[in-house]
Amino acid sequence: MSFLKKLKDKFQATDQQEEVSDKYKEGLSKTRKSFSEKINDLVARYRKVDEDFFEDLEEVLIAADVGVTTVMELIEELEMEVKRQNIKDTNEVKQVISEKLVEIYQGNDDGSEETSLNIQKDDLTVILFVGVNGVGKTTTIGKLAHQLKSEGKDVLLTAGDTFRAGAIEQLSEWGKRAGVDVIKHSEGSDPAAVIYDGIQAAKSRNADVLLCDTAGRLQNKVNLMNELAKVKRVIEREVPNAPHEVLLVLDATTGQNALSQAKTFSQATDVSGIVLTKLDGTAKGGIVLAIRNELGTPVKLVGLGEKITDLQAFDPNAFVYGLFADLLEEE
Amino acid sequence: MAFEGLADRLQNTIKKIKGKGKVTEQDVKEMTREVRLALLEADVNFKVVKDFIKKIKERAIGEEVMESLTPGQQVIKVVQEELTNLMGGDESKIAVADKSPTVIMMVGLQGAGKTTTTGKLANLLRKKYNRKPLLAAADVYRPAAIDQLETLGKQLDMPVYSEGTDANPVDIASKAVEHAKEEHLDYVLIDTAGRLHVDNELMDELIQIKQNVNPDEVFLVVDSMTGQDAVNVAESFNEQLDVSGVVLTKLDGDTRGGAALSIKAVTEKPIKFAGMGEKLDEIEVFHPERMASRILGMGDVLSLIEKAQENVDENKAKELEEKMRSASFTLDDFLEQMGQMKNMGPLDELVDMIPGANKMKGLKNVDFDEKQITHVEAIIQSMTSKERQDPSVINAGRRKRIARGSGRSVSEVNRLLKQFEEMKKMMKQMTNTQQGKKGKKGKKSKGFNFPFM
């Protein structure tokens, strides 16, 4: 059985999975079109696998924001593979390309890695959100709060962004929409103190999940990164084993700088997972490849639209399927 | 991690060429490949890169580079020239309408920084051009977007026109302009909601606003960290709204900002302003040639100098430059500089502008805490003048005395002395770099590569 068929079967095993992959297909339709269309174009244009072919392929991948380093490695591996299998027909290469890309998405371990959120069964779960300005931290928290609440969890929010004008009001509005309480101080107060109060409130109310918002900050601002490390220390001190998740929110339209963000934020706060937002715009998704390849940090959630329900658990299989659906259906 | 600059990238190729009598076409090809990678790593769109490389190759294969004694340097020069060309020559001004008020519309994706930029621009208009702006809150979709603009208005003590979230953005914009006329305000800045360029419904709304208020400027606000997609975004907004200029935000981060080049190449619209920080006065007129250097990873010496000129008196600056060059920089100068530097803005920002600074081992990890500056001042002030002139005389006993005198620990005194040495080293290298001195090969200090040769 061909590799692509196997992948396809994997998805169509149950109806539920079908539904999930449809959602991805829909959200990623633009990504998928531009990306796999380009690969198809490429394959159609070249009959022979030669240097020019690889150069064009390189461009296709780079255009999808796959990091330069990742692309170079990939191309090198592909060239080796092509030589080894003695492939001359570009149509055959298509499969090798897909295989290699899936390999990077899933890592070597067959995609068994945990991508669901680490939510405690009986105890308080503290989740800290970090990221640069304007990536969608507050919006993500609002969406996640709604989701957890509808799962029957007792959710509390903390407005740790005391810097940006209107940030506290924004979180409060999301709190109202999701029907959960928000612990807040006034603008300009110490974020660590707000988070501390949030934890105390969560403890005394016996809340299940505490979502902590923080101000957006560029990763090269040492002072602000130290402030973030302090916030994390406060959480560590007040709740054993917390924060259970430190989620780095990344804007999917971000280019190579996303890697720098992931690296620096990890140094300050031990990022445990990534939320990839705004994935419903045009061409991207390549960034996930780069992050997986160079950092190993798993993507846990993806934002696929503006609606409160448009935050999805990241499913690497469905994601890959969404990207390659065109290729699969052709066979 | 900072990406390698073009200069570093070209190192290997140049090493190979050195010692060869002549530069071959193959060498040029290798060099242009490095240029290509450097640009791609800086997020310049691959199509833009392709055209660009073609141009570079033509010039490089010509006499200019191949006949030159310093081909590496020549390539960088050619690249920078072409890049500056492409980026657009003159700095552009902001429009003034014949009939007040002048209307400016801010558009862009979600999270690009439209609201903050609106506030900053208004502040700039008042401060620099002595205008009276009105802020109009037409983002009725994002929760608390209006609150955000109102808070900014309060901070700036500026009027904000809003009608809450139930009103129609098109009406809000038109009424805001009316309101400005009545109140004799001469600028109206319309903050619109962030939207995807492929969201037709919301894009239509912008087109309607534009038809109704007939703005003098439509500014596309773009996050400087945007990747390859910047081209699609800019193209789409420009097609539908015919933007008049671009504002780049978050340029105080460590992104190369290749998006700037992509946008310019695709839309041919000038980039007019750059957001450089979180505070409301941190917006600057965009400088194309500096952006060219930045994309290539060559530091931003010009901005640094300009910043210094704004805040430091010129004679002193000259003196400092001389001292930096001759490496006769003492702790006394350091103390004085620190006072002036504090006026220039956050230190980490300044260091970022120095070419090669991110490569400096000592500097990379220095914690630029403003409080620490006070400590450093205390330590230096506890030294005798002899010690300040020549730190090498400071032995263990003196260190203890200084620590006691300043109320800091001995280890802090040690750290300061070490950092000072590093700094001196860095200054020497920096000035060398600027001059691009030849004939110094083999004497490279650790952790730093001369960009040229």
Side-chain angles (χ1 to χ4, degrees), chain A residues 30 58-60 62-65 67-69 71-72 132-136 138-139 142 163-174 176-177 187 215-224 226 251-261 263-264 277-278 280-284 286-287 306, chain B residues 1-3 37 40-43 45-47 49-50 109-113 115-116 119 141-152 154-155 194 196-199 223-230 232-233 236 249-250 252-256 258-259 278 346 348-349 352 366-370:
Chain A
K30 280 146 209 144
E58 191 183 291
E59 269 170 13
V60 172
I62 282 172
D65 272 326
V68 176
T69 328
V71 173
M72 296 301 157
V132 300
N133 319 59
V135 288
T138 310
T139 309
F163 183 82
R164 204 198 73 206
I168 299 173
E169 287 89 343
Q170 191 182 350
L171 192 71
S172 304
E173 177 60 34
W174 276 111
K176 237 185 271 164
R177 286 187 194 179
E187 210 181 298
R217 63 202 74 215
L218 296 174
Q219 71 275 17
N220 59 341
K221 312 270 168 170
V222 178
N223 287 350
L224 293 177
N226 286 344
D251 184 333
T253 45
T254 310
Q256 308 284 301
N257 196 250
L259 290 174
S260 159
Q261 286 172 25
K263 278 177 191 162
T264 322
T277 60
K278 309 183 200 173
D280 49 332
T282 33
K284 68 239 140 161
I287 198 115
E306 303 235 21
Chain B
M1 176 205 77
F3 293 104
L37 289 178
L40 285 174
E41 276 186 349
D43 283 327
N45 185 271
F46 73 98
K47 276 186 210 142
V49 172
K50 210 174 188 177
L109 297 182
Q110 295 98 332
T115 310
T116 307
Y141 305 105
R142 202 192 71 202
I146 297 176
D147 289 316
Q148 187 183 352
L149 197 68
E150 276 174 349
T151 310
L152 291 177
K154 231 177 273 165
Q155 282 170 13
L196 289 172
H197 51 290
V198 285
D199 186 333
D223 185 332
S224 58
M225 294 181 281
T226 311
Q228 299 283 326
D229 205 32
N232 300 333
V233 175
S236 183
T249 60
K250 306 178 204 173
D252 50 328
D254 60 2
T255 176
R256 279 283 170 69
E278 307 214 15
D348 45 353
E349 247 172 60
D352 281 346
V366 176
D367 185 357
F368 291 102
D369 189 350
E370 304 287 326

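For A:Glu306, the side-chain contact (heavy atoms from CB on, under 4.5 Å) partners two or more places apart in sequence, or in a different chain, are B:Gln110. For A:Ser172, the side chain to side chain donor-acceptor pair (under 3.5 Å) test picks out A:Lys184, with sequence neighbours left out.
The two residues B:Tyr141 and A:Arg177 have their closest heavy-atom pair at O-NH2, 4.1 Å. A:Gly166 and B:Thr151 make their closest contact through N-OG1, 4.2 Å (heavy atoms, listed as atom of the first residue, atom of the second, distance). The two residues B:Glu41 and A:Gln256 make their nearest non-hydrogen contact at O-CG, 3.3 Å. Closest non-hydrogen pair, A:Asn133 versus B:Lys250, comes out as O-NZ, 2.6 Å.
Heavy-atom distances place no part of B:Lys47 under 4.5 Å from chain A, backbone and side chain included. Looking at A:Val71, there are no atoms closer than 4.5 Å to chain B (heavy atoms on both sides), in backbone or side chain.
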Self-check item: From CA spacing to verdict: side-chain contact (heavy atoms from CB on, under 4.5 Å), A:Gln261, B:Met225
Solution: CA-CA 10 Å; A:Gln261 286 172 25; B:Met225 294 181 281; 3.2 Å; yes
Exercise. Go through A:Asp280 and B:Leu196 one step at a time and tell me if the side-chain contact (heavy atoms from CB on, under 4.5 Å) criterion holds.
Key: CA-CA 9 Å; A:Asp280 49 332; B:Leu196 289 172; 3.5 Å; yes
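Atoms OG1 and CG, on A:Thr254 and B:Asp43 in that order, are 9.0 Å from each other to the nearest 0.5 Å. Here CD of A:Gln170 is found 7.5 Å from CD of B:Gln148. Values are rounded to the nearest 0.5 Å. For the atom pair CD of B:Gln155 and CD of A:Glu187, the computed distance is 6.0 Å after rounding to the nearest 0.5 Å. From B:Asp252, atom CG reaches atom CG of A:Leu218 across 5.0 Å, with rounding to the nearest 0.5 Å. In this structure, CD1 in A:Ile62 is found 7.5 Å from CG in B:Leu37, a value given to the nearest 0.5 Å.
With chain B as the partner, the residue from A:Gly142, A:Gly134, A:Gly136 showing the most heavy-atom pairs under 4.5 Å is A:Gly134. Most heavy-atom pairs under 4.5 Å with chain B, from the set A:Arg217, A:Arg164, A:Glu173: that is A:Arg164. Contact count against chain A (heavy-atom pairs under 4.5 Å) is highest for B:Pro143 among B:Gly111, B:Ala112, B:Pro143.
Side-chain contact of A:Gln219 with B:Asp254: a donor-acceptor pair under 3.5 Å is present, judged by distance alone.
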